[in-house]
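Proteins come first, then strands; the chains are lettered A, B, ... in the order of their sequence lines, and each starts at number 1.
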Amino acid sequence: MNSRRVWAILRFVLTTLFLYFVWVLFTSDLGLFSLLFGLAASLLTASLTYHIFLPEHEANLRFFIPHLWALLRFLFLMVLSLYQSSFHVVKAIITGNTNPRIVHFRTHLRSDLARTVLADAITFTPGTMTLDLNDDHLTVHWLLCTTTHTKAAGEAVKTKLEHALGRTWL
Amino acid sequence: MIIREILALIAFLVGTFFGLFGMIGLFRFRDPYSRLHAGSLCGTTAVFSYLIALLLLAPSAAIGARVFIILVFFLISAPTGSSIVAKFIWESEDATTQRSSMKREDKSL
């Protein structure tokens, strides 16, 4: 049993558990038939899709299993900044003071999932929207721009999010 | 029971506020990125507030769990969708002309 095989089995089990959890949450029916049918369907779906759901190169459990407390903190931060940024945009709509620029910077997060979540989260921070994510290079459109310097722009846009995400995933 | 309904009403009002201003911004801004900002961000906040209100009004835990799942999926799908639209503007021919015109009339939206 080599390590590749162990990793494949582990990914299969994790995919099955996740699918079964969603099944139970959706049906919210604890009858025997529902539970057994859900398990069978989860096993079938997981056997077909585990290599897409968890790609093999994501070779660390911390790459996709979040630290629960950090995840909750991150979600709270996200909801807060969602309302904050909407408020900023509404203010920009009323007054008409915008300074749209496109800025580039890099992230040091390592897993695909964390990078994707960072790209999505940047859309929620005041007046920014991700245009492109290429490996670790982000292209961001900034509506209320204050600087075009790469390092300063990166500091302003993503530092807080990156810290919160670095605690959640690797 | 009545507190829940008042909180839901506040959430509905907040959602309507952001939705309305998002719509105004969609017509007020001139370049496609700023329009996308107004449309997607304010739209996301509006729908998010409505879903929070629905979560508050959910009659049972089972329905609440479903609304919660819709909420989580929406938080993933909405920024991804707007990001894809922005990426296609960024890559399209049109955007190059839009970008140069954006530089010229910088202060006038």
| field | A:R73, CZ: over 12 other non-hydrogen atoms inside 6.0 angstrom | value | no

| task | Can you establish whether the number of heavy atoms outside B:M23 located under 6.0 Å from its atom CE is more than 12? | result | no

| said: Using every non-hydrogen atom in the two residues, find where B:S82 and A:T123 come nearest and quote the distance to one decimal. | reply: OG-CG2, 3.9 Å

| request: Tell me, for B:V14 versus chain A, whether the close heavy atoms (under 4.5 Å) come from the side chain, the backbone, both or neither. | output: side chain

| message | I want to check something: taking the side chain as every heavy atom from C-beta on, are B:Y33 and A:P100 in contact at a cut-off of under 4.5 Å? | response | no

| Does NE2 belonging to A:H163 count more than 12 external heavy atoms closer than 6.0 Å? | no

| Near A:H137 NE2, under 6.0 Å, is it more than 12 heavy atoms from other residues, nucleotides or ligands? | yes

| query | Is there a side-chain contact between B:T45 and A:F87 (heavy atoms, below 4.5 Å)? | reply | no

| task | Return the option, out of A:V79, A:T27, A:L143, A:V89, with the maximum number of heavy-atom pairs under 4.5 Å with chain B. | result | A:L143

| task | Against chain A, label B:I84 side chain, backbone, both or neither, depending on which of its atoms sit under 4.5 Å from a heavy atom there. | result | neither

| query | For B:F17, is it the side chain, the backbone, both or neither that has a heavy atom under 4.5 Å from a heavy atom of chain A? | reply | side chain

| said: For residues A:L80 and A:Y83: do they belong to one hydrophobic cluster (side chain heavy atoms under 4.5 Å, members Ile, Leu, Val, Met, Phe, Trp, Tyr)? | reply: no

| Which of residues 39-46 of chain A have a heavy atom under 4.5 Å from any heavy atom of chain B? | none

| Does B:F74 CZ have over 12 foreign heavy atoms under 6.0 Å away? | yes

| said: Could you tell me if the side chain of B:F21 sits less than 4.5 Å from the side chain of A:S86, heavy atoms only? | reply: no

| request: Might you work through the side-chain contact (heavy atoms from CB on, under 4.5 Å) test for B:I89 and A:L131, ending with a clear yes or no? | output: CA-CA 9 Å; B:I89 303 171; A:L131 299 182; over 6 Å; no

| message | Tell me whether A:L72 shares a hydrophobic cluster with B:L71, the cluster being built from Ile, Leu, Val, Met, Phe, Trp, Tyr side chains joined at under 4.5 Å. | response | no

| message | What I want to check is whether the side chains of B:S83 and A:D120 have a donor and an acceptor closer together than 3.5 Å. | response | no

| note | Cut-off 4.5 Å, heavy atoms of chain B, and the answer for A:T116 is neither

| query | Hey, are the side chains of B:K87 and A:D132 touching, using non-hydrogen atoms and a 4.5 Å cut-off? | reply | yes

| request: Please report the C-alpha distance between A:M129 and B:L36 in whole Å, then the side-chain angles of each, then the deciding distance to 0.1 Å, and finally whether the side-chain contact (heavy atoms from CB on, under 4.5 Å) criterion is met. | output: CA-CA 9 Å; A:M129 182 160 40; B:L36 201 53; 3.8 Å; yes

| query | If two hydrophobic side chains count as joined below 4.5 Å and joins carry through other members, does B:L13 share a cluster with B:I24? | reply | no

| said: Tell me whether the count of non-hydrogen atoms from other residues, nucleotides or ligands lying under 6.0 Å of CG in A:L36 goes above 12. | reply: yes

| field | Toward chain A, the part of B:I69 with a non-hydrogen atom under 4.5 Å | value | side chain

| Is there a path from B:F48 to A:F76 through hydrophobic residues (I, L, V, M, F, W, Y) whose side chains come within less than 4.5 Å of each other? | no

| said: Is there a path of hydrophobic side-chain contacts, each under 4.5 Å between heavy atoms of I/L/V/M/F/W/Y residues, joining B:L55 to B:L51? | reply: yes

| said: Is A:I122 in contact with chain B via its backbone, its side chain, both, or neither, using a 4.5 Å heavy-atom distance? | reply: neither

| query | Counting heavy atoms not belonging to B:Y50, are there more than 12 under 6.0 Å from its OH? | reply | yes

| query | About how many Å separate CD1 of A:I93 and CZ of B:F27, when rounded to the nearest 0.5 Å? | reply | 12.0 Å

